[in-house]
Amino acid sequence: MRRSPRQRRLESDWTAMQQLRADSSLFDFRTPETPFAGPPESYLVQMRGPGLWQPEGADRVLLREGHEILVRLGAAYPRMIPELVWRTPIFHPNISAHGAVCLGGYSTHWAPSLQLDELCAMLWDIARYANFDANSPYNRAAAHWVRTQTQFSFPIDPRPLRDRSMRGTGPRGLQASVSSPGPSSSANAPPSGLADTAVVEAELVFVDDPIVTAEIVAAEIVAADTRAEDGRQGDRSPVLYIR
């Protein structure tokens, strides 16, 4: 029997969601029971990480752990945006008090090519305040708070959703990319075995699961030799270790 474009997309999303689960220590999902055979048409997405919320009647915004979002893939999906309902408490400019989620331009100009796992990564960025828009809010109180608050640094969690595929080689490693020293600095190059002097752009990657906050007490950059399989010395890759 020939499958419809929607059926093929649901199957593709199902595969992508299972892969995302394998790639992330932060992500999981459940599929509510359905009387129909085939790939799921709704997901209960669960994310193990911090978010912000404001208890009713309180002035202070607090950290809380864990998120749960209901994702329904309606009959018009993928031509139309999925229905999203944030089911756990959250204080965010782009999420209403009833859990309605604003995806910015995607809310009005949905892109059918956006896969469900990519949408989940967007939701994680919203949860950790890596993505927010205080100028077009669903929650005006949260938008005002974001403009004036000094309590938190954003994002509140540095980890990407696919954190397992981004882990460094050392304990709580920071994989660093460096700009190579120019010819004028070659005369001042450090002896072999010491760290190269360079400008480092590093992405923080937490290996332990789960880590919500961390304090860097000391760090050093070392140049780690990478060797090819035939035993020859390869490039020296700078790695920032935290101890």
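Remember, predicted model here, so these are calculated numbers, not experimental data.
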**Prompt:** What pairs with Gln19 under side chain to side chain donor-acceptor pair (under 3.5 Å), at least two apart in sequence or on another chain?
**Reply:** Asp23

**Request:** Any chance you could lay out the side-chain contact (heavy atoms from CB on, under 4.5 Å) test for Trp145 and Leu52, step after step, and finish with the verdict?
**Result:** CA-CA 12 Å; Trp145 174 83; Leu52 299 178; 3.5 Å; yes

**Asked** Got Phe132 and Asp125 here, is their nearest side-chain heavy-atom distance under 4.5 Å?
**Response** no

**Message:** Ignoring hydrogens, what is the shortest heavy-atom contact between Gln7 and Gly38? Give both atom names and the distance.
**Reply:** NE2-CA, 4.4 Å

**Message:** Check whether Trp124 reaches the backbone of Arg159 with its side chain - one donor and one acceptor, N or O, closer than 3.5 Å.
**Reply:** yes

**Request:** Test side-chain contact (heavy atoms from CB on, under 4.5 Å) on Val71 and Phe29 and set out the steps.
**Result:** CA-CA 10 Å; Val71 182; Phe29 64 85; over 6 Å; no

**Request:** Could you tell me which residues satisfy salt bridge (Lys or Arg N to Asp or Glu O under 4.0 Å) with Arg30, sequence neighbours excluded, listed by chain and number?
**Result:** none

**Request:** Using the side-chain contact (heavy atoms from CB on, under 4.5 Å) rule, take Leu84 and Leu119 through it: C-alpha gap first, then chi angles, then the decisive distance, then the call.
**Result:** CA-CA 10 Å; Leu84 304 172; Leu119 176 60; 4.1 Å; yes

**Prompt:** For Val85, which fellow cluster members are found when Ile, Leu, Val, Met, Phe, Trp and Tyr are connected by side-chain heavy-atom distances below 4.5 angstrom, either directly or through intermediates?
**Reply:** Leu44, Leu70

**Item:** Transitive ILVMFWY cluster of Leu62, excluding itself - 4.5 Å side-chain cut-off
**Value:** Trp53

Compile the donor-acceptor pairs under 3.5 Å between side chains in residues 88-100 and protein atoms, sequence neighbours left out, one pair per line.
unit_1, atom_1, unit_2, atom_2, d
Thr88, OG1, Glu68, N, 3.0
His92, ND1, Asn94, N, 3.0
His92, NE2, Ile126, O, 3.1
His92, NE2, Asn131, O, 3.3
Asn94, OD1, Asp133, N, 2.8
Asn94, ND2, Asp133, O, 2.9
Ser96, OG, His98, N, 3.2
Ser96, OG, Gly99, N, 3.3
Ser96, OG, Ala100, N, 3.0

**Message:** How long is the straight-line distance from OG1 of Thr31 back to CH2 of Trp14, given to the nearest 0.5 Å?
**Reply:** 5.5 Å

**Prompt:** Sub-3.5 Å donor-acceptor pair from the side chain of Asp13 to the main-chain atoms of Gln115, do we have one?
**Reply:** no

**Asked** With Arg72, which residues qualify under salt bridge (Lys or Arg N to Asp or Glu O under 4.0 Å), at least two apart?
**Response** Glu83

**Request:** Identify the heavy atoms of Arg9 and Tyr77 that sit nearest to each other, and give their distance.
**Result:** NH2-OH, 3.2 Å

**Asked** With Phe152, which residues qualify under ring pair (Phe, Tyr, Trp, His ring centres under 6.0 Å), at least two apart?
**Response** none

**Complete:** Shortest non-hydrogen pair, Leu20 vs Cys120, comes out as CD2-CB, 3.9 Å

**Prompt:** Quick check: does any side chain N or O of Ser107 sit under 3.5 Å from a backbone N or O of Leu103, one acting as donor and the other as acceptor?
**Reply:** yes

Under 3.5 Å, which donor-acceptor pairs do the side chains of residues 134-144 form with other protein atoms, sequence neighbours left out?
unit_1, atom_1, unit_2, atom_2, d
Asn139, OD1, Ala141, N, 3.2
Asn139, OD1, Ala142, N, 3.0

**Fill in**
Contacts of Arg8 meeting salt bridge (Lys or Arg N to Asp or Glu O under 4.0 Å) (sequence neighbours excluded), chain-then-number -> none

**Request:** Of all the heavy-atom pairs spanning Phe27 and Arg48, show the shortest one and how long it is.
**Result:** O-NH2, 3.7 Å

**Prompt:** Counting only N and O atoms by type, is there a donor-acceptor contact under 3.5 Å from the side chain of Ser24 to the main-chain atoms of Leu161?
**Reply:** yes

**Request:** Output, in order, the C-alpha distance, side-chain angles, deciding distance and verdict of salt bridge (charged side-chain N to carboxylate O under 4.0 Å, His left out) for Glu41 and Arg6.
**Result:** CA-CA 10 Å; Glu41 297 183 354; Arg6 169 179 162 78; 3.3 Å; yes

**Item:** Atom of Trp86, atom of Leu123 and distance for their closest heavy-atom approach
**Value:** CH2-O, 3.5 Å

**Prompt:** Where do Pro50 and Leu63 come nearest, in terms of heavy atoms and distance?
**Reply:** CB-CD2, 4.1 Å

**Item:** Arg64 side chain vs Gly66 backbone, donor-acceptor pair below 3.5 Å
**Value:** yes

**Complete:** Gln54 meets the side chain to side chain donor-acceptor pair (under 3.5 Å) criterion, sequence neighbours left out, with none

**Message:** With a 3.5 Å distance limit and no angle check, can you tell me whether Arg128 reaches the backbone of Asp157 through a side-chain donor-acceptor pair?
**Reply:** yes

**Asked** Side-chain contact, heavy-atom cut-off 4.5 Å: Val45 with Met17?
**Response** yes

**Verify same cluster id: Leu116, Met80 (apolar side-chain graph, 4.5 Å)** = no

**Pairs meeting criterion salt bridge (Lys or Arg N to Asp or Glu O under 4.0 Å) with involvement of residues 103-119, two or more places apart** = Asp117-Arg162

**Asked** What pairs with Tyr129 under side chain to side chain donor-acceptor pair (under 3.5 Å), at least two apart in sequence or on another chain?
**Response** none

